[in-house]
Amino acid sequence: MEKIRLKLKAYDHRVLDRSVTSIVEAVKRTGSEICGPIPLPTRSRKYTVLRSPHVNKDSREQFEIRVHTRIIDIMSATPDTVEGLMKLDLAPEVDVEVTSMSK
């Protein structure tokens, strides 16, 4: 029994929330304790690009990328829980970081 931390990142919050609900349901089916999902602050990166690099400096476009993040802690992970998480089919847009934390 160990503690597992899942950190999920995605550009679209709806896809991220669907993935989080499927993970929570899979963990609850195995009977493990779960803490979360905890939403972290959204990081936004803004880019300013010149429309025509050699002619008009005043003509610019601005773009923004938002990264939504959630954390899920699985308190008492069993081998069935890990196996259930491995079989889960998540959206390809979601980036998952798995960290094992000993008690």
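Values below: all heavy atoms of this structure, side chains included; hydrogens, waters and symmetry mates excluded.
When the side chains of ILVMFWY residues are joined at heavy-atom separations under 4.5 Å, either directly or via intervening members, Val67 and Val94 end up in two distinct hydrophobic clusters. Val24 and Val82 fall within the same hydrophobic cluster, defined by Ile, Leu, Val, Met, Phe, Trp and Tyr side-chain heavy atoms under 4.5 Å apart, directly or through other members.
Residues Thr99 and Ile4 form no side-chain contact, since every pair of their non-hydrogen atoms from C-beta on lies 4.5 Å or further apart. Two residues are said to be in side-chain contact when any heavy atoms from C-beta on lie closer than 4.5 Å; Ile71 and Arg5 meet this criterion. Looking at Asp73 and Lys3, their side chains come closer than 4.5 Å, going by heavy atoms from C-beta outward. In this structure the side chain of Ile74 reaches within 4.5 angstrom of the side chain of Leu85, judged on heavy atoms. Thr69 has its side chain out of reach of Thr42: every pair of non-hydrogen atoms, C-beta onward, lies at least 4.5 Å apart. Using a 4.5 Å heavy-atom threshold, the side chains of Ser22 and Leu88 count as touching. No side-chain heavy atom of Ile72 sits under 4.5 Å from any side-chain heavy atom of Val27. Annotation: side chain of Leu8 is not in contact with side chain of Asp95 (no heavy-atom distance under 4.5 Å).
Counting heavy atoms of neighbouring residues, nucleotides and ligands inside a 6.0 Å radius, atom CZ of Arg43 does not exceed 12 of them.
In this structure, the salt bridge (charged side-chain N to carboxylate O under 4.0 Å, His left out) partners of Glu97, at least two apart in sequence or on a different chain, are Lys9. Remark: Arg66 pairs with Glu64 by the side chain to side chain donor-acceptor pair (under 3.5 Å) rule, at least two apart or across chains.
Note that the OG atom of Ser52 and the CZ atom of Arg60 stand 11.0 Å from one another [nearest 0.5 Å]. With rounding to the nearest 0.5 Å, the separation of CG in Asp12 from OG in Ser19 is 10.0 Å. In this structure, Glu93 CD and Arg14 CZ are separated by 11.5 Å, a value rounded to the nearest 0.5 Å.
Counting only N and O atoms by type, the side chains of Thr48 and Glu61 include no donor and acceptor under 3.5 Å apart. In summary, the side chains of Ser32 and Ser76 do not present any donor paired with an acceptor at a separation below 3.5 Å, with no hydrogens or angles considered. Looking only at atom types and distance, the side chain of Thr78 has a donor-acceptor partner in the side chain of Thr81 under 3.5 Å away.
Of the candidates Ile38, Asp17, Leu40, Arg70 forms a side chain to side chain contact (heavy atoms under 4.5 Å, CB included) with just one, namely Asp17.
Heavy atoms only, all atoms of each residue included: His68 and Leu16 are closest at O-CD2, 3.6 Å.
Under the ring-ring contact (aromatic ring centres under 6.0 Å, His included) criterion, no residue pair touches residues 42-65, with sequence neighbours excluded.
Salt-bridge formation is not detected for the pair Glu25/Arg29: no Lys NZ or Arg NE/NH1/NH2 atom is positioned less than 4.0 Å from an Asp or Glu carboxylate oxygen.
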